[in-house]
There are 4 protein chains.
Amino acid sequence: MGIQERKKRERERRRQQIMVAAKRVFSVKGFTGATMEDIAQEAELSPGTLYLYFKNKDELFSSLSIRILQYLNLRLEHVVNNEKELTPDQKIASLREALYDVYEFDPVILINMFHLQSSDTLKNLSPQLLADLKGLSRSSLKLLGKIFEDGIAKGDFIERHPVALADIVWAIFSGLILWEESKRIINDNKNYLKQTLEIAFEIFARGIKK
Amino acid sequence: MGIQERKKRERERRRQQIMVAAKRVFSVKGFTGATMEDIAQEAELSPGTLYLYFKNKDELFSSLSIRILQYLNLRLEHVVNNEKELTPDQKIASLREALYDVYEFDPVILINMFHLQSSDTLKNLSPQLLADLKGLSRSSLKLLGKIFEDGIAKGDFIERHPVALADIVWAIFSGLILWEESKRIINDNKNYLKQTLEIAFEIFARGIKK
Amino acid sequence: MGIQERKKRERERRRQQIMVAAKRVFSVKGFTGATMEDIAQEAELSPGTLYLYFKNKDELFSSLSIRILQYLNLRLEHVVNNEKELTPDQKIASLREALYDVYEFDPVILINMFHLQSSDTLKNLSPQLLADLKGLSRSSLKLLGKIFEDGIAKGDFIERHPVALADIVWAIFSGLILWEESKRIINDNKNYLKQTLEIAFEIFARGIKK
Amino acid sequence: MGIQERKKRERERRRQQIMVAAKRVFSVKGFTGATMEDIAQEAELSPGTLYLYFKNKDELFSSLSIRILQYLNLRLEHVVNNEKELTPDQKIASLREALYDVYEFDPVILINMFHLQSSDTLKNLSPQLLADLKGLSRSSLKLLGKIFEDGIAKGDFIERHPVALADIVWAIFSGLILWEESKRIINDNKNYLKQTLEIAFEIFARGIKK
DNA sequence: TATGAATGAGGCTTCATTCAT
DNA sequence: AATGAATGAAGCCTCATTCAT
């Protein structure tokens, strides 16, 4: 048992090592630009070894998303559990903090999520991993929903169309159109997103609070 | 003269034919997934022909973005020019309509814009095309800015951090994390985005209006 | 007949126009680097037109060699015919002048002749053109031979290995022109080159030693 | 240590295996006619494998030239070092032997050297390989020069136009090897060829006249 | 006769994946 | 378990050649 356990732990450590390397390489070169060779090199392993831990490139990539969705879930759970004693402002602030941190955890999460949608990617995933992805997404959505439902139930938030959770998407829209240009203007892509997030949240809070 | 003109027109028609096919294929398979062969087949042309009208795959792709940015500019100009006689609500509505239509024009614009950022893509573009892209982006930004500046100048809108134009991006964030799941729930991705956009705009308007 | 003749003449003019352009383009870009499009542009014609005058790219290329071989023959004939009244020194000078001029006529003749050897090229030629090439090569060789034979017969030149006639010159210049033909004659390219090298070196040694 | 060494050796063996196959294919089909697929087949490897040992087709091709230039250098060094105790006749014979062997080593060296000149080829080489090529060419030229200079210094050889050192030899053989370098030295390729032709002819005349 | 748009075969190259060691 | 050399499928792109006008 001890040995069994130790082996399992060792295996998990390797997986993490590879994922850390993969994340680094993917964020620099993007999914298509990154080669398994690149990732192996970054992880100081050989290409063949990656395949002992991940079925293929798509699955390695998706595992990163799993990890960040797990982190998102964790943070959202925390917000839900602590929400009861907080004022609306505090709840919003708490949610904002959570999302900030998720973003810090992986600044290119957006691009990754886009890639994840592609049916070609999904086709290559093992049923288990696919199930995990769906489960985590659903869970995140429910948790987010719960935060708002609680707020509404207590009369702190105004009621709204159930889908509105993920709203405000016009920014998805115009914001991104101007992304490239914005980078030029702000000259620090990372901070810009954070600033924008901050401002967006202000407006969002104003919109959702009574 | 007549012949010259006719040929030019014919050539432009071909370009459009290819772009229409490319748009269709790219939106189904994504940039990497789509092959030039696919696009040629969709356009009922041979692969070689594509290269008579577009220098390479990246340039064909980017030309699609040029087209939508031109359309965006057109719509924004219209909003700016008509803005003077409108109430704040009408202005917002007018802008919303414009963005709706842009979205209708190309629902996968977001993904495209993400791809466009990649330096690998930009490397392959002709200087002319690159300049056009930058020019159009900048112009869009200025027009958007003008709409809000006018609103603020007239006292209709509350003043805000200058970058805030493209803000509200947290939706890019949470919205997209949940994108995949949302699709499952709504089961009609296109309508969902439209609904979301609508709601987002409501909130947005509430945030920006005095 | 007058019309017939005029048409024929006109046709020949066009052929020349194309060959002039081809020569220019080939000498700048080499055979592989030059495209039919390039040549058409240089000739201020359309690509399709080239095929009205030349069966294919290889045949267009080879026609240039035909032309220079014709010129070489012309010059050699002139040397042979005038040789009788000249001193040995004058004969050599005369031959030298002829070869100079051939070289001036087309400085990249060597490279062209190399290309011409390739069996892939020869495969694409019409039987007529192939026969012309062989005939001209053989004729040049015979003429060169005659010059030396005459010199030997008159006791002006020292006798030498039968192949040695065109030897040195081969190495310098015409050998390459006649490469293809030489191969046929000697039927063992490798040994021939070695023999030639041997003889050349003898002469070379004689020239350089005090 | 042993393992490291064995791997390096194994790798070098593979490189040689590929180069041998490439040499065979190139000499039959020429550079353009030979496909990487052909070479892979000849080497009983897959196309992809070639790229583990050579950056691209041009670099594989050029590596063959590197090899023969190295061999040429080796032989020339040997001639230079042994020259002191030899009579003029022996020196010439020694040089002849060296050049014979180089020719035996690769009978199509001339064609290869022609191809190597093309700027399109040089563009695709790694700086390292390019530097090696230039270095070896220059070295060969110097060694050749040294042989003649020594001969002249000792009074065994007649002095001649400074360019004449490599002249005749150029025409016969190595001139082509050193073509690229010669161009740099003379800085006027066209005139250089003419000069060389002139000198060659002088010697030629001296050799053939009684 | 001349055009030039269109074709499509084929080459170089990359890279995810495998497998013998 | 780890390696990393080898594979080979597949994509982008070029360009000689054709053919409808």
Side-chain angles (χ1 to χ4, degrees), chain A residues 7 10-11 14 31-41 43-61 124, chain B residues 3 7 10-11 14 18 32-41 43-60 124, chain C residues 7 10-11 14 31-41 43-61 124, chain D residues 3 7 10-11 14 18 32-41 43-60 124:
Chain A
K7 281 206 174 169
E10 186 59 35
R11 185 175 170 79
R14 264 292 146 89
F31 179 80
T32 310
T35 70
M36 290 301 267
E37 175 87 29
D38 289 337
I39 296 170
Q41 212 144 38
E44 298 183 67
L45 291 169
S46 77
T49 304
L50 304 189
Y51 287 85
L52 297 177
Y53 295 89
F54 298 91
K55 204 183 84 192
N56 53 41
K57 192 183 177 187
D58 279 316
E59 192 141 335
L60 169 52
F61 180 85
N124 283 325
Chain B
I3 286 177
K7 286 219 169 154
E10 186 60 35
R11 184 174 170 81
R14 253 308 138 84
I18 293 171
T32 311
T35 71
M36 291 301 267
E37 175 88 28
D38 289 337
I39 295 170
Q41 214 143 35
E44 298 183 69
L45 290 169
S46 75
T49 305
L50 304 190
Y51 290 86
L52 296 178
Y53 296 88
F54 299 92
K55 207 183 80 193
N56 53 42
K57 192 183 178 187
D58 278 317
E59 193 141 335
L60 170 52
N124 284 324
Chain C
K7 280 207 173 169
E10 186 58 36
R11 184 175 170 80
R14 261 295 145 87
F31 180 79
T32 310
T35 70
M36 291 300 266
E37 174 87 29
D38 289 337
I39 296 169
Q41 212 143 37
E44 299 183 66
L45 290 169
S46 77
T49 305
L50 303 189
Y51 288 84
L52 297 177
Y53 295 89
F54 298 91
K55 206 183 84 193
N56 53 41
K57 191 184 179 186
D58 278 318
E59 194 142 334
L60 169 52
F61 181 84
N124 284 324
Chain D
I3 286 178
K7 287 220 169 154
E10 185 60 34
R11 184 174 170 81
R14 255 305 139 86
I18 294 172
T32 311
T35 70
M36 291 302 267
E37 175 87 28
D38 289 337
I39 296 170
Q41 213 142 35
E44 298 183 68
L45 290 170
S46 76
T49 305
L50 304 190
Y51 288 87
L52 296 178
Y53 296 88
F54 298 92
K55 208 183 78 192
N56 53 40
K57 192 183 178 187
D58 278 317
E59 194 141 334
L60 169 53
N124 284 323

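Below, chain A is the first sequence line, B the second, and so on; all start at residue 1.
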Chemist: In which ranges does DNA chain E form stems of 3 or more consecutive Watson-Crick or G-U pairs, distances under 3.5 Å?
Modeler: E:2-21 with F:2-21
Chemist: Among pairs that include at least one residue of residues 46-60 of chain D, which meet salt bridge (Lys or Arg N to Asp or Glu O under 4.0 Å), considering only residues two or more places apart or in two chains?
Modeler: Lys55(D)-Glu59(D)
Chemist: Could you tell me whether Thr35(B) contacts a base, only the sugar-phosphate backbone, or nothing, with contacts defined as non-hydrogen atoms closer than 4.0 Å?
Modeler: sugar-phosphate
Chemist: Measure the distance from CG on Asp38(A) to P on dC15(E) and round it to the nearest whole Å.
Modeler: 8 Å
Chemist: Write down the protein N/O and nucleotide N/O pairs, taken from nucleotides 19-21 of chain F, whose separation is under 3.5 Å; answer none if there are no such pairs.
Modeler:
none

Chemist: Rounding to a whole Å, what distance do you find between Ile39(C):CD1 and dA16(F):P?
Modeler: 8 Å
Chemist: Using a 4.0 Å heavy-atom cut-off across all strands, classify Leu50(B) as base, sugar-phosphate, or nothing.
Modeler: nothing
Chemist: Mind listing the residues from residues 51-58 of chain C sitting with a heavy atom below 4.0 Å of DNA chain F? Number order is fine.
Modeler: Tyr51(C), Asn56(C), Lys57(C)
Chemist: Between Leu52(C) and Arg14(C), is there a side-chain heavy-atom distance shorter than 4.5 Å?
Modeler: no
Chemist: List the residues meeting ring pair (Phe, Tyr, Trp, His ring centres under 6.0 Å) with Phe31(A), not counting sequence neighbours, and say none if there are none.
Modeler: Phe26(A), Phe61(A), His115(A)
Chemist: Starting at CD of Glu37(C), measure out to CG of Leu50(C) and round the result to the nearest 0.5 Å.
Modeler: 9.5 Å
Chemist: Look at all strands and tell whether Lys7(D) reaches a base, only sugar-phosphate, or nothing, counting heavy atoms closer than 4.0 Å.
Modeler: sugar-phosphate
Chemist: Which one, dT13(E), dA2(E), dA1(F), comes nearest to the side chain of Thr49(C)?
Modeler: dA2(E)
Chemist: Using atom CD of Gln41(A) as one end and atom C1' of dC15(E) as the other, report the distance to the nearest whole Å.
Modeler: 14 Å
Chemist: Say you draw a straight line from OG1 of Thr35(B) to CD of Gln41(B); how long is it, rounded to the nearest 0.5 Å?
Modeler: 8.0 Å
Chemist: Checking Glu44(C) now: which residues fulfil salt bridge (Lys or Arg N to Asp or Glu O under 4.0 Å) with it, not counting sequence neighbours?
Modeler: none
Chemist: For Ala40(B), which contact category applies under a 4.0 Å heavy-atom criterion: base, sugar-phosphate, or nothing?
Modeler: nothing
Chemist: If you check every side-chain atom of Arg14(D), which of dA1(F), dA5(F), dA6(E) has the closest atom?
Modeler: dA5(F)
